[in-house]
Amino acid sequence: MDSQITEPGTTFSPAVNGFSNGKITNADFLAEEACIPTHLHKADTGVLASPVGKASHTLQNNGERAPIPSLGVDSVARDNGVKAVSSMDAVVRVFCVHTKPNFSLPWQRKRQFSSSSSGFVIDGRRVLTNAHSVDYHTQVKLKKRGSDTKYLATVLAIGTECDIAMLTVKDDEFWEGISPVKFGSLPALQDAVTVVGYPIGGDTISVTSGIVSRIEMLSYVHGAAKLLGLQTDAAINSGNSGGPAFNDKGQCVGIAFQSIKHEIADNIGYVIPVPVVMHFIQDYERNGEYTGFPTLGVDLQKMENPDLRLAMGMTPDQKGVRVRRIEPTSPLSQVLKPSDVILSFDGTDITNDETVSFRNGEHIGFSYLVSQKFMGENAVIKVLRNSETFEFNIMLASHKRLIPAHIKGRPPPYYIIAGFVFTTVSVLYLRSEYGKDYECDAPVKLLDKHLHAMAQSEDEELVVVSQVLVADINIGYENIVNTQVLACNGNPVKNLKSLASMVENCDDQFLKFELEYQQLVVLQTKTAKAATLDILTTHCIPSAMSDDLKT
């Protein structure tokens with residue numbers, strides 16, 4: 001939910017599917033509106049496992065399909081008469097071993113698992129793949145087409161929002177005989193595309209073809225963001241993640257990354273288009289790291305109702321969107337006010353249905369213009385306020401979410417005192433606690449904060465008592481689970497680090513934690529601190545706090 005210009009109540013679920021013992025569990029299988037990342041996992045037994053519980057392993061598609069377009073003129077005839085395309089030689093197989101954190105037991109990691117996906121070589125001795133293909137990686141290896149050698153790779157950058165990762169290989173032998181792919185322009189509707197990769201069903205390279213069937217702002221499952229995306233009917237299966245999509249000139253026009261489960265719809269796959277890919281590459285080249293896509297940090301209301309437009313002081317020829325709320329941590333909080341009407345962004349007029357002109361008479365979501373910018377860049381917005389028009393030069397940046405959709409590869413934080421386990425709430429934590437249907441099963445108060453609450457400062461976090469590790473000292477408190485901590489000894493709890501500091505430095509006779517629903521937890525300070533070590537030993541917990549709280 002990085003973007004606040006989506007419709008209220010919309011949620012995006014970051015996803016990396018984990019498998020254990022060949023079974024898919026609710027805690028490991030994550031999907032949003034049936035969209036799934038398409039890298040291929042191997043179970044602990046070594047048997048291939050599909051991200052979709054009952055997915056067919058058949059690779060063919062029903063109905064007629066257009067002929068596979070040529071991948072360019074760089075073809076050479078082999079002795080047997082079969083042509084090999086150099087563009088395909090740039091496509092590599094990505095092998096990754098993941099060790100994901102356990103958000104419910106934040107001092108632990110889950111059992112490691114392996115995955116197989118695709119990637120491709122670009123200029124500068126670099127390889128692109130999907131972020132979810134190397135998420136929480138402990139080891140990444142690359143294998144070239146026609147080679148029997150796996151080369152150790154280094155992850156240079158992971159773009160969580162755009163689901164793209166950049167890798168490199170130090171071994172010079174890996175780069176021999178590989179020509180990097182060339183990027184093309186954004187394709188048009190009905191343009192032919194060819195998706196190349198290493199999907200489920202075999203070990204050799206696979207080529208599927210189709211057309212571009214839709215271009216729009218799309219929910220990126222892994223990154224919980226809304227960016228430009230291509231929909232295609234080319235088969236995109238588990239293992240295709242990170243593989244390139246070529247046009248009929250052999251130029252790369254995007255990266256395969258997710259699809260809709262076959263139980264919901266047939267032959268619908270999604271490709272990260274060139275503008276998003278180039279934004280990621282240029283961001284890394286400009287900053288030496290991935291900094292992300294800026295957002296306005298505002299909730300907007302469509303202005304399709306004529307009475308609403310009249311009440312806002314708009315003339316018949318004016319169009320725009322109304323500002324409902326502004327994130328306090330957004331730079332726009334210093335400029336905009338509720339009920340302002342944004343008329344244009346960098347000279348591009350915004351329509352009443354929150355879209356802008358795209359190309360060939362098409363319209364696309366207004367957030368597309370914002371996503372084209374880089375962090376720290378400026379833009380000019382025209383605003384209607386009390387029937388007067390103003391122009392503001394704004395700086396674009398991201399904003400702090402009270403309940404973040406992801407924590408960008410960091411381990412979850414925690415603090416333990418007298419058996420009380422304190423941690424922060426994220427979407428990943430909610431999934432760990434309540435499964436993929438957390439939106440139905442999580443407590444109403446947490447869901448309300450997840451969907452509607454705004455962080456008042458950059459360091460604000462939602463701190464909860466995750467669970468109580470039973471011991472003599474905490475008798476009567478055992479049933480406190482996932483309850484927000486409001487104050488400690490009368491001092492508001494702003495974040496987990498401040499709570500840990502208050503407890504560690506407390507000299508009062510009692511520790512008093514004020515929880516939501518007017519619950520009160522009282523412990524003797526000296527007894528609580530003395531009991532903590534035994535509780536940690538009993539539960540084999542190495543430390544009373546995560547490393548980030550120790551600094």
Side-chain angles (χ1 to χ4, degrees), residues 1-6 10 12 14 131 157-164 166 217 219-220 222-228 275-300 321 323-338 340 342-348 350 354 356 365-383 390-410 424 426-427 450 452-462 494-495:
M1 292 184 62
D2 271 348
S3 175
Q4 285 298 293
I5 57 177
T6 57
T10 303
F12 309 123
I158 295 180
T160 308
E161 291 87 354
C162 60
D163 201 2
I164 305 175
M166 182 184 293
M217 298 302 288
S219 299
Y220 280 41
H222 176 70
K226 204 166 188 179
L227 299 170
L228 188 66
V276 178
V277 178
M278 296 308 299
H279 187 287
F280 169 82
I281 295 174
Q282 292 169 15
D283 183 15
Y284 177 79
E285 291 175 345
R286 288 161 58 122
N287 302 292
E289 61 180 358
Y290 172 77
T291 63
F293 289 73
T295 57
L296 290 183
V298 296
D299 285 342
L300 300 177
V321 287
V323 175
R324 293 195 298 121
R325 301 191 304 166
I326 309 162
E327 292 276 359
T329 58
S330 167
L332 269 67
S333 64
Q334 307 299 318
V335 175
L336 296 181
K337 297 180 179 180
D340 282 350
I342 303 178
L343 304 176
S344 68
F345 181 91
D346 259 358
T348 301
I350 304 171
E354 206 177 317
V356 294
F366 158 52
S367 59
Y368 168 72
L369 298 180
V370 183
S371 68
Q372 294 294 100
K373 295 284 189 175
F374 291 91
M375 293 287 191
E377 284 191 338
N378 292 332
V380 177
I381 57 172
K382 184 184 291 186
V383 172
F390 300 89
E391 283 195 352
F392 299 107
N393 194 325
I394 61 171
M395 185 187 73
L396 297 171
S398 61
H399 63 275
K400 165 77 175 183
R401 293 289 304 173
L402 182 61
I403 297 183
H406 44 76
I407 57 175
K408 298 185 177 180
R410 298 188 300 271
T424 59
S426 64
V427 172
H450 165 50
H452 305 298
M454 292 181 170
Q456 300 301 309
S457 63
E458 286 289 340
D459 59 350
E460 183 178 359
E461 296 173 332
L462 185 64
K494 192 174 185 180
N495 51 53

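This is a predicted model, so every value here is computed, not measured.
- Around atom NZ of Lys382, no more than 12 heavy atoms belonging to other residues, nucleotides or ligands sit under 6.0 Å away.
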| Asp299 vs Met454, side-chain contact (heavy atoms from CB on, under 4.5 Å): CA-CA, chis, key distance, verdict | CA-CA 11 Å; Asp299 285 342; Met454 292 181 170; 3.8 Å; yes

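- The distance from the CD1 atom of Ile342 to the CZ atom of Phe392 is 10.5 Å, given to the nearest 0.5 Å.
- The nearest pair of heavy atoms linking Leu228 to Pro275 is CD2-CG, 4.1 Å.
- Taking Tyr284 as the reference, nothing meets the ring-ring contact (aromatic ring centres under 6.0 Å, His included) condition, with sequence neighbours excluded.
- The ring-ring contact (aromatic ring centres under 6.0 Å, His included) test applied to Phe390 returns no partner, not counting sequence neighbours.
- Closest heavy-atom contact between Ile407 and Ser426: CG2-CB, 4.4 Å.
- Scanning all heavy atoms of the two residues, the minimum distance from Val356 to Thr348 falls at CB-CG2, 3.9 Å.
- One distance of note links CD1 of Ile326 with CD of Gln334; it measures 9.5 Å at 0.5 Å rounding.
- A donor atom on one side chain and an acceptor atom on the other are found under 3.5 Å apart for Thr295 and His399.
- The aromatic rings of Phe345 and Phe366 lie perpendicular to each other, with more than 60° between the two planes, well past the 30° mark.
- Closest approach of Phe280 and Ile158 over heavy atoms only: CE1-C, 4.4 Å.
- Between Pro331 and Leu396, the closest side-chain pair of non-hydrogen atoms is not below 4.5 Å.
- Between the side chain of Asp283 and the main chain of Gly292, a donor-acceptor pair closer than 3.5 Å is present.
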| request: Might you work through the side-chain contact (heavy atoms from CB on, under 4.5 Å) test for Leu369 and Gln372, ending with a clear yes or no? | output: CA-CA 5 Å; Leu369 298 180; Gln372 294 294 100; 5.7 Å; no

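- Here the closest heavy-atom approach between residue His406 and residue Glu161 is recorded as CE1-OE2, 3.9 Å.
- Pairing each heavy atom of Thr291 with each of Met375, the nearest pair is O-CE, 3.4 Å.
- For the atom pair CD of Glu327 and OG of Ser398, the computed distance is 10.5 Å after rounding to the nearest 0.5 Å.
- Between the side chain of Thr424 and the main chain of Glu461, no donor-acceptor pair closer than 3.5 Å is present.
- Atom CG of Asp340 is separated from atom CG of Leu332 by 10.0 Å, given to the nearest 0.5 angstrom.
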| task | Could you go through the side-chain contact (heavy atoms from CB on, under 4.5 Å) check for Ile394 and Leu296 one step at a time? | result | CA-CA 10 Å; Ile394 61 171; Leu296 290 183; 4.1 Å; yes

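- Between Leu336 and Ile381 the shortest side-chain heavy-atom distance falls below 4.5 Å.
- Between the side chain of Asn495 and the backbone N or O of Asp459, at least one donor-acceptor pair lies under 3.5 Å.
- Within the 4.5 Å cutoff, side-chain heavy atoms of His450 are placed close to those of Val427.
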| request: List the steps and the verdict of side-chain contact (heavy atoms from CB on, under 4.5 Å) for Phe293 and Val276. | output: CA-CA 10 Å; Phe293 289 73; Val276 178; 3.9 Å; yes

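- With rounding to the nearest 0.5 Å, the separation of CG in Leu227 from CG in Asp163 is 10.0 Å.
- To the nearest 0.5 Å, atom NE2 of residue His279 and atom OH of residue Tyr290 are 8.0 Å apart.
- The shortest side-chain heavy-atom distance between Gln456 and Lys494 does not fall under the 4.5 Å cut-off.
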